[in-house]
Amino acid sequence: MDISISKVEKSRISEFDKSNIKFGKLYADHMLVADYEDGQWQTPSIIPFGNITMSPAISSIHYGQSIFEGIKAYKNHKGEVSIFRPSENFKRFNISAKRMAMPEIPSSIFIDGMKKLIDLDSAWVPDIEGASLYIRPFMFATDEFIGIRPAGKFRFMIINSPAGAYYNQPAKIFVQSNYVRAFKGGTGFAKAAGNYAAAMLPLMELKEKGYDQNLWMDGVHHKYIHEIGTMNVLFVIGNKVVTPDLSEGTILAGITRDSVLTLLREKGVTVEERPVTIDEVKEAYLNGELKEAFGAGTAAVIAPIEELFYDGLSMTLPPLDQWEISNWVAKRLADIRYGNIEDTHHWMEGIK
Ligand code: COI
């Protein structure tokens, strides 16, 4: 598919301070826009990053037909830019689209458009280990209609933002038993904007208590662990890695999660993907068997958990320098992403 390109007159790259990269504060010069109308995707365009004008009646504002993805691009020591597993995000985006009654996007827009956009803005991909370009594809309904019905018009966009660490310190996690995120038949597996909207009040409440994120439980029994608000969760219990399985469709199928499990299995670590209850984690903690707990996500990467607060019990994890498994996997992933070791899985996709 052709993509029309209109470049900025003057780049904003001088605003990009590589010595102080925050998450999600600054956006690269260009963005990609593609509209879906009359049952088909129209020619996409790459244009200067900027505000968009929309009718106040567009249905995504009112009813939340909106989905997104998170992907990262890295620059290796030779200055080459590549994207981590974008085809997996492409597949997941279309799975989310289906659940939310939105049209699938072709790879000629999602993947080829992303590569073109990043090639144009490659100066915005940091060449520093620990930093990357965070890629945010998203789609929202643009029908101007306040009645309830699945929309027929949509906009797909990609914006990019240089990104440093999402969590600057080990995370303090609040095990959420008052509110729920997902249940069988719901939208838990989709990267739907509404999943995050519903988490804002619980997040506000736990932040007041000094915690960083929710650890969600299942919506029926309130005891099976699902995921953390920004990432999947893994526990090292004894010498095994244990993480909730995806079979109920209530948990986001994380691409970092999948990469971590692949690398651990390759190393010979026993990995169990199965239902995990909070009581099992609590018991492991009380027996001294809970060695490590960490999140895995695109934005968060590998995020160690310092504390899990559950039902009046503060479970404090052992000091980080004693952690072996998550430190190993974090380094291994970074080495693949920054080109320090061979990418035997072909996870890095060049942009050319
Ligand atoms: C990501 O990790 O890419 C996400 O979408 C999570 C979001 C909370 C930043």
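Atoms within a ligand are numbered from 1 in the order they appear, just like the ligands themselves. The model shown is predicted, which means the values in this text are computed figures rather than measured ones.
Between Tyr167 and Phe23, the ring center distance fails the sub-6.0 Å criterion.
Both tests do not hold together for Lys291 against Trp323: distance to the six-membered ring centre under 6.0 Å, angle to the ring axis within 45°. Seen from the ring of Phe140, Arg155 does not count as a face-on cation partner, given the 6.0 Å and 45° thresholds.
Counting protein heavy atoms only, atom 5 (O) of ligand 1 is closest to Lys191 NZ, 2.8 Å. Looking only at protein heavy atoms, the nearest one to atom 8 (C) of ligand 1 is Thr230 CG2, 3.5 Å.
At a 3.5 angstrom cut-off on N or O pairs, Tyr134 counts as close to ligand 1.
Listed by atom number, the atoms of ligand 1 under 4.0 Å from Gly70 heavy atoms are 3 (O). The distance from ligand 1 to the heavy atoms of Ala299 drops below 4.0 Å at these ligand atoms: 1 (C), 2 (O), 3 (O), 9 (C). Atoms of ligand 1 lying under 4.0 Å from any heavy atom of Phe68, numbered from 1 in the order shown and given with element: 5 (O).
Nearest-heavy-atom check against atom 7 (C) of ligand 1 across Arg136, Lys72, Met231 picks out Arg136.
Using a distance-only test at 3.5 Å, with no hydrogens or angles considered, a donor-acceptor pair links the side chain of Arg12 to the main chain of Tyr27.
Remark: Glu307 engages Lys172 in a salt bridge, criterion side-chain N to carboxylate O under 4.0 Å.
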Candidate pair Phe156 and Tyr36, rule ring-ring contact (aromatic ring centres under 6.0 Å, His included), full reasoning: CA-CA 8 Å; Phe156 171 77; Tyr36 182 89; over 10 Å; no
